[in-house]
Amino acid sequence: MPPLISLRECAVFLDFDGTLAEIAQRPSSVRVAPETHTILRSVFETTNGSVAIVSGRPLAEIDTLLKPFILSVAAVHGASIRYPDGSIWHYSLPHGILPRLFKKAQKALGKYDGVIIENKGMAIAIHFRDRPELGPLCRAVARHIANSSPRLICQAGKMVIEIVPSDVGKGAAIRSLLQVPPFFGRRPIFAGDDLTDECGFDAVNAHGGISIKIGGGETRA
């Protein structure tokens, strides 16, 4: 039987959609249950503030959904990180590249009802949950757009394909947060539900932590 682990000695990292909140047909429809707020605050107090959200959502959206609770956050898959001291790091892409590529995505897919094209500031997400039959087309368009820059890649998720910076990810974000107090020196726990969480599982596993997959499917958690 493995030894018991005290949460007081851990750093807790949590994905958002599909982990803290149920996935909705549209990202804007997601809500956080009141009891989730209560549990988050309890875990925050127990771990002396060693709780961070690691999500594909933009930082402002996470703050709105968890309001008035303000946590450390790795947003847009780690392209924005708010550290415990309140400082914020943003990944830097060439000026104007994402707005230009966002327009390309709109031109190619905007005519299809049910396809949502989301500009996250440092990433573009193409959602096709309402039109699953258009998944292959959405993926092909995303790959074509990402191939226009060596600094971008495609990242698949549940009924979504995203165009993101090639050298960021949830794993790198977790490793970065583990270098600063109060996360430093603690055993990491990361819970997530999607393909984009697998690199986070890898980072936590390599650190001797605990990785938790929410839901079914093959995983390295």
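Predicted model, so just to flag it, every value in this text is computed and none were measured.
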K.L.:
Got a sec, which residues hit side chain to side chain donor-acceptor pair (under 3.5 Å) with S80, two or more places apart in sequence or on another chain?
P.N.:
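For S80, the residues satisfying side chain to side chain donor-acceptor pair (under 3.5 Å) (neighbours in sequence not counted) are H90.
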K.L.:
Is it true that a side-chain atom of R151 and a backbone atom of S166 form a donor plus acceptor pair closer than 3.5 Å?
P.N.:
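No; zero donor-acceptor contacts below 3.5 Å.
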K.L.:
Are the side chain of R187 and the backbone of A11 linked by a donor-acceptor contact shorter than 3.5 Å?
P.N.:
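Side chain of R187 to backbone of A11: no pair is present.
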K.L.:
After noting the C-alpha distance and the side-chain angles of L14 and L40, does the key distance pass the side chain to side chain contact (heavy atoms under 4.5 Å, CB included) rule?
P.N.:
CA-CA 10 Å; L14 299 165; L40 264 180; 3.7 Å; yes
K.L.:
Would you confirm whether T64, through its side chain, and A60, through its main-chain N or O, come within 3.5 Å as a donor-acceptor pair?
P.N.:
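Yes, the answer is positive, given that a donor and an acceptor are paired below the 3.5 Å cut-off.
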K.L.:
Under 3.5 Å, side chain of T36 to main-chain N/O of V32, donor-acceptor pair present?
P.N.:
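No: the side chain of T36 does not pair with the backbone of V32.
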K.L.:
Are K213 and D193 close enough for a salt bridge, meaning some N to O gap below 4.0 Å?
P.N.:
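No, this pair does not count.
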K.L.:
Is a side-chain N or O of D194 found less than 3.5 angstrom from the main chain of K158, in a donor-acceptor match?
P.N.:
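Confirmed, D194 side chain pairs with K158 backbone.
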K.L.:
Take K120 and E162, measure what salt bridge (charged side-chain N to carboxylate O under 4.0 Å, His left out) needs, and give me the verdict at the end.
P.N.:
CA-CA 10 Å; K120 295 183 175 182; E162 296 188 65; 2.8 Å; yes
K.L.:
For the residue pair S50 and R186, confirm or rule out a side-chain donor-acceptor distance under 3.5 Å.
P.N.:
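Looking only at side-chain atoms, R186 and S50 do form a donor-acceptor pair, the distance falling under 3.5 Å.
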K.L.:
Could you tell me whether D63 and R82 have a side-chain N and a carboxylate O separated by less than 4.0 Å?
P.N.:
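Salt bridge flag = yes for R82 with D63.
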K.L.:
Between P84 and F183, what is the shortest heavy-atom contact and its length?
P.N.:
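Shortest heavy-atom separation between P84 and F183 comes out as CG-CE1, 3.4 Å.
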K.L.:
Apply side chain to side chain contact (heavy atoms under 4.5 Å, CB included) to the pair K170 and D197, showing each step before the final yes or no.
P.N.:
CA-CA 7 Å; K170 292 187 177 183; D197 298 311; 2.6 Å; yes
K.L.:
Backbone N or O of V43 within a donor-acceptor pair of the T47 side chain at under 3.5 Å?
P.N.:
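Looks like yes, one N/O pair under 3.5 Å.
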K.L.:
Salt-bridge test for R57 and D17: reply yes if a basic N is under 4.0 Å from a carboxylate O, no otherwise.
P.N.:
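Counted as a salt bridge, because a side-chain N and a carboxylate O are separated by less than 4.0 Å.
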K.L.:
Please report the shortest heavy-atom distance between R220 and E198, naming the atom on each side.
P.N.:
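Answer, listing the atom of R220 first, then E198: N-OE1, 2.8 Å.
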K.L.:
For F69, does the CZ atom have more than 12 heavy-atom neighbours from other residues, nucleotides or ligands under 6.0 Å away?
P.N.:
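Atom CZ in F69 is packed in, count exceeds 12.
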K.L.:
Quick one: do L20 and D15 satisfy side chain to side chain contact (heavy atoms under 4.5 Å, CB included)? Show the steps, please.
P.N.:
CA-CA 7 Å; L20 278 185; D15 173 45; over 6 Å; no
K.L.:
Could you go through H127 and M159, starting from their C-alpha distance and side-chain angles, then the distance that decides it, and tell me whether this counts as side chain to side chain contact (heavy atoms under 4.5 Å, CB included)?
P.N.:
CA-CA 6 Å; H127 302 267; M159 297 297 179; over 6 Å; no
K.L.:
Relative to each other, are the rings of F201 and F190 parallel, tilted or perpendicular (30° and 60° limits)?
P.N.:
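F201 vs F190 ring planes: tilted.
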